[in-house]
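Not measured: the values here are computed from a predicted model.
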Amino acid sequence: MPKLQKREIRRVLIANRGEIAVRVIRACRELGIETAAIFSDADRWALHARMADQAFHIGPPPAQESYLQSDKIIQLAKRAGCDAIHPGYGFLSQNAEFAEEVERAGLVFIGPQPESTRLMGNKLAARSTAQREGVPTLPGIDEPVSDLKAAEAAASKIGYPVLLKAAAGGGGKGMRLIESSAELKDSFERAVSEVKKSFGDPAVFIEKFVAKAKHIEIQVLGDEKKNTVHLYERECSVQRRYQKLIEESPAATLKKSLRQEMGEAAVAMARAARYRSAGTVEFIYDAEQERYYFLEMNTRIQVEHPVTEMTTGIDLVREQLLIAAGNAISFRQSEIEPRGAAIECRIYAEDATHDFSPSTGRIEELVLPAGPGVRVDSGIARGDEVTLFYDPLLMKIITWGEDRATAIARMKGALRELTLVGISSSIGFHLQALRDPRFLDGSYTTDFVKGLQQEKLSQADLERVALAAALAYEHERSSLQETDHTSERAQEERWRWQS
Amino acid sequence: MAELRYSIELGGRWLEVTLEREEGKIFAQINGKRIPVELKGLGGHGVYALALGDARESMILTRRDGRYQASLAGREISVAVEASAIQELRRHLKATSTESSAQQIIRSHMPGLIVKIRVKPGQEVKSGEGLLVIEAMKMENEIRAPQDGVIEKITVQERQEVKGGQPLLVLKPTEAGEVPHEP
């Protein structure tokens, strides 16, 4: 086990919940690091709180009053004798002020330096960094548009359709698709005031909208000894309302030469940001033109990091911990050799019959899939209550295979084995997506979900369900009869009465 | 030989199932087919093993609002089971009454705020058509018609806060047509 140099990290507070908190706890355990969890009222007996060595109550269920309470979190970390805080993803993970406060409190923030977060958190600053580094960016105007007139001029120069984006936005928030100048005239003022309300900063800019786009991102790692590496790509084009649903590596239709180029471009971005710890550089890939454009950089560990772990054999969260302790990255760029193919399905608590809105309920039964090449990163356990307070991600299923077809077959099997009773989930959606020819041939783009038809159950399916329901009904009634100590004779009578 | 006849409603369609017991085994008749069947509960939380002839599968069947919620390879469908005698009585009553007993109350499935009501009483709607929009969790959720019908009553207003399960509107379905989408 590598020695934790420079800084001793003996105890980590995980400022998060659910599956990522579980993930970080696991990585800490392997390194002999003690863990402290935080939990809101809704998470008192949640899996992550039970797994940690210590757990501290942080507040009532709403995130604003619990997982986003930066001062309380830092105080707790100090009280618990922690050396470091891991922010996970979401919540405070990309909050530069929080990272600064952590450092000011004498603790280690397991993530990039605040300056890197600030630089990449501003879309315009990130864009100009990309241009300086020679990384292609989407045709756009590199200054915020101050008024409708400037917006119209920019949009006609770039060519409709365009995206109106918040400079302070990210992760799909603060974006609006504008298809014509009439639409721009109509919605500009409203869009700016919405942006101001959501982000505090009303600056918006205009960017070209690529219709048939793939979302391809590169995982990077940096350390304080100025080493920066990339761990190749993940494709995340299966999305609904900007929420990723399925990710895979390698990107099925990406040329080898482009993969290399994009990896190097990502490293250039990370170096320019003096990036430490794990991060992801996102690109829009125009499949028709075979061209890539820098989109944004995410300065945190991402949900879909296991996909890269499966193909490279590298434990990214472990690397984060080692890097935070002052170690160099454990390997060189030349030693990274991805093998096979990996896919991840994000299992969300959602109700397909109600426009995929979040589903709530108690998990009555939970059976997780297993087998060769099947990995499950779950944040839930049987008996848990799924509420509306947090992101509805229940778990991730990741499969690996020597080739893409095997990874897909394993994923289908795993999804069928997964048994979840008590809430509705995205399992049905995932199985449908994995049958779709556009996914199977790799040609799918970010509008994939729109092309999925609502599937009707076949006659055979309906018959099977009808039979099962009739049998279940009969089973229930006869059990009731049995508890009444009804004799066999009386049962015969009952059968006869019915016909 | 004793027989149990059931009427099963799923997705607006009715299927007749007859169960017969013969020498300790159960046989089912459905759509002109007769097959040996067996159902075994696995653990008591709604997970079942189903044997249809030689075929085997797992299915989830849970009780909700007097119906079954079935989950088949991740796809969900709501099922009602009625002994056929009762079903015939119901049909008879429907035919002789002036008020339709087939009313569907559409409820909110989550707490939230009504931001937009798209329909008016008396309006004809098609299956899948957007009826109203509820905002919850910073997202707008479209509530859609589960089948073709006419809006009989709207029990909420725009800007009203609603609880989970609260009735929103009453839909009078037109005669059962296709199986609606329940992926």
Side-chain angles (χ1 to χ4, degrees), chain A residues 241 351-360 364-365 367 382 388-392 415-422 424-432 452-459 461-477 491-492 494-499, chain B residues 2-6 8 10-11 13 15 17 19 21 26 28 30-31 33 35 37-39 41 43 45-48 50 52 57-62 68 70-77 79-81 83 85 109-111 128 134 136-137 139 141-144 146 164 178-183:
Chain A
R241 300 191 272 247
D351 192 344
T353 61
H354 287 99
D355 207 25
F356 304 101
S357 54
S359 156
T360 57
E364 303 285 346
E365 178 66 277
V367 180
R382 205 164 173 230
L388 290 176
F389 292 108
Y390 313 113
D391 187 84
L415 289 167
R416 295 195 72 123
E417 279 182 49
L418 174 61
T419 304
L420 255 178
V421 184
S424 305
S425 78
S426 54
I427 298 173
F429 164 83
H430 284 116
L431 281 167
Q432 188 188 359
L452 285 177
Q453 301 295 345
Q454 298 282 32
E455 280 190 338
K456 296 191 178 7
L457 286 174
S458 67
Q459 182 65 24
D461 286 340
L462 290 175
E463 288 180 6
R464 296 205 314 275
V465 172
L467 286 169
L471 284 166
Y473 187 84
E474 168 51 27
H475 178 81
E476 263 175 47
R477 289 177 46 128
Q491 278 210 331
E492 275 289 309
R494 187 175 60 82
W495 284 85
R496 223 170 276 135
W497 176 81
Q498 292 279 5
S499 52
Chain B
E3 262 190 18
L4 288 171
R5 276 187 298 135
Y6 291 107
I8 317 284
L10 61 179
R13 288 243 300 266
L15 285 170
V17 173
L19 298 179
R21 198 170 284 241
I26 302 180
I30 184 169
N31 278 342
K33 298 180 280 256
I35 31 173
V37 294
E38 205 181 331
L39 187 76
H45 287 287
V47 186
Y48 291 93
L50 180 67
L52 301 172
E57 68 186 290
S58 293
M59 200 182 290
I60 295 170
L61 284 164
T62 51
Y68 285 106
S71 187
L72 191 64
R75 282 172 303 176
E76 298 195 359
I77 185 157
V79 191
V81 182
H109 55 288
M110 60 205 290
I134 298 183
M137 288 283 286
M139 263 176 31
N141 301 281
E142 186 82 41
I143 308 295
R144 299 179 185 278
E178 288 188 311
V179 183
H181 43 81
E182 289 210 39

Colleague: For A/Ala466 versus B/Ile30, what's the shortest heavy-atom pair and its separation?
Modeller: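 Scanning both residues completely, I find the closest heavy atoms to be CB-CD1, 4.2 Å.
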Colleague: Are more than 12 heavy atoms from other residues, nucleotides or ligands located less than 6.0 Å from atom CD of B/Glu57?
Modeller: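 Above 12, so yes.
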Colleague: Which distance, rounded to the nearest 0.5 Å, do you find between the CG of B/Leu72 and the OG of A/Ser458?
Modeller: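 The OG atom of A/Ser458 is 8.5 Å from CG of B/Leu72, to the nearest 0.5 Å.
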Colleague: Between B/Ile35 and chain A, with a heavy-atom cut-off of 4.5 Å, which part of the residue counts as in contact: side chain, backbone, both or neither?
Modeller: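 For B/Ile35, side-chain heavy atoms alone lie under 4.5 Å from chain A.
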Colleague: As an exercise, state the distance from CG of B/Leu4 to OH of A/Tyr473, rounded to the nearest 0.5 Å.
Modeller: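 It is 10.0 Å, given to the nearest 0.5 Å.
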Colleague: With only heavy atoms counted, which part of A/Leu418 is less than 4.5 Å from chain B, the side chain, the backbone, both or neither?
Modeller: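 For A/Leu418, there is no contact with chain B at all, as no heavy atom is under 4.5 Å.
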Colleague: Determine, stepwise, if the pair B/Arg13 / A/Gln459 fulfils side-chain contact (heavy atoms from CB on, under 4.5 Å).
Modeller: CA-CA 11 Å; B/Arg13 288 243 300 266; A/Gln459 182 65 24; 2.5 Å; yes
Colleague: Applying side-chain contact (heavy atoms from CB on, under 4.5 Å), run through A/Asp461 and B/Arg75 and close with a yes or a no.
Modeller: CA-CA 10 Å; A/Asp461 286 340; B/Arg75 282 172 303 176; 3.3 Å; yes
Colleague: Could you tell me which portion of A/Arg241 (side chain, backbone, both or neither) has an atom closer than 4.5 angstrom to a non-hydrogen atom of chain B?
Modeller: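 Just the side chain, heavy atoms under 4.5 Å.
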Colleague: So, taking the atom named CG in A/Leu462 and the one named CD1 in B/Ile8, what distance separates them when rounded to the nearest 0.5 Å?
Modeller: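 Between atom CG of A/Leu462 and atom CD1 of B/Ile8 there are 11.5 Å.
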Colleague: Rounded to the nearest 0.5 Å, how far apart are CD of A/Glu463 and CG of B/Leu52?
Modeller: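 Reported to 0.5 Å precision, the distance equals 10.0 Å.
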Colleague: Which atom pair, heavy atoms only, marks the closest approach of A/Ala468 to B/Leu50?
Modeller: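 It is CB-CD2, 3.9 Å.
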Colleague: Looking only at heavy atoms, what is the nearest atom pair of B/Ala28 and A/Leu467, with distance?
Modeller: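 Scanning both residues completely, I find the closest heavy atoms to be CB-CD2, 3.3 Å.
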Colleague: Of the backbone (N, CA, C, O) and the side chain (C-beta and beyond), which part of A/Leu471 lies under 4.5 Å from a heavy atom of chain B, both, or neither?
Modeller: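 Interface part for A/Leu471: both.
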Colleague: Going from CG on B/Leu61 to NE2 on A/His475, what distance comes out if it is rounded to the nearest 0.5 angstrom?
Modeller: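 With rounding to 0.5 Å, CG (B/Leu61) is 11.0 Å from NE2 (A/His475).
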Colleague: I want to check something: taking the side chain as every heavy atom from C-beta on, are A/Thr419 and B/Ser58 in contact at a cut-off of under 4.5 Å?
Modeller: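 Result no, sub-4.5 Å side-chain heavy-atom pair not found.
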Colleague: Which region of A/Gln453, side chain (C-beta onward) or backbone (N, CA, C, O), has a non-hydrogen atom less than 4.5 Å from a non-hydrogen atom of chain B, or is it both or neither?
Modeller: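 For A/Gln453, neither part sits under 4.5 Å from chain B.
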Colleague: Heavy atoms only: give me the nearest B/Ala73-A/Leu431 pair and the separation to one decimal.
Modeller: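 Heavy atoms of B/Ala73 and A/Leu431 come nearest at O-CD1, 3.3 Å.
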Colleague: Would a distance-only check, ignoring hydrogens and angles, find a side-chain to backbone donor-acceptor pair under 3.5 Å from B/Tyr68 to A/Val465?
Modeller: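 Pair absent, no side-chain N/O of B/Tyr68 close to backbone of A/Val465.
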Colleague: Identify the heavy atoms of B/Met59 and A/Arg464 that sit nearest to each other, and give their distance.
Modeller: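 Minimum heavy-atom separation between B/Met59 and A/Arg464: CE-O, 3.9 Å.
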Colleague: Can you tell which part of B/Val17 gets under 4.5 Å to a heavy atom of chain A, answering side chain, backbone, both or neither?
Modeller: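 Just the side chain, heavy atoms under 4.5 Å.
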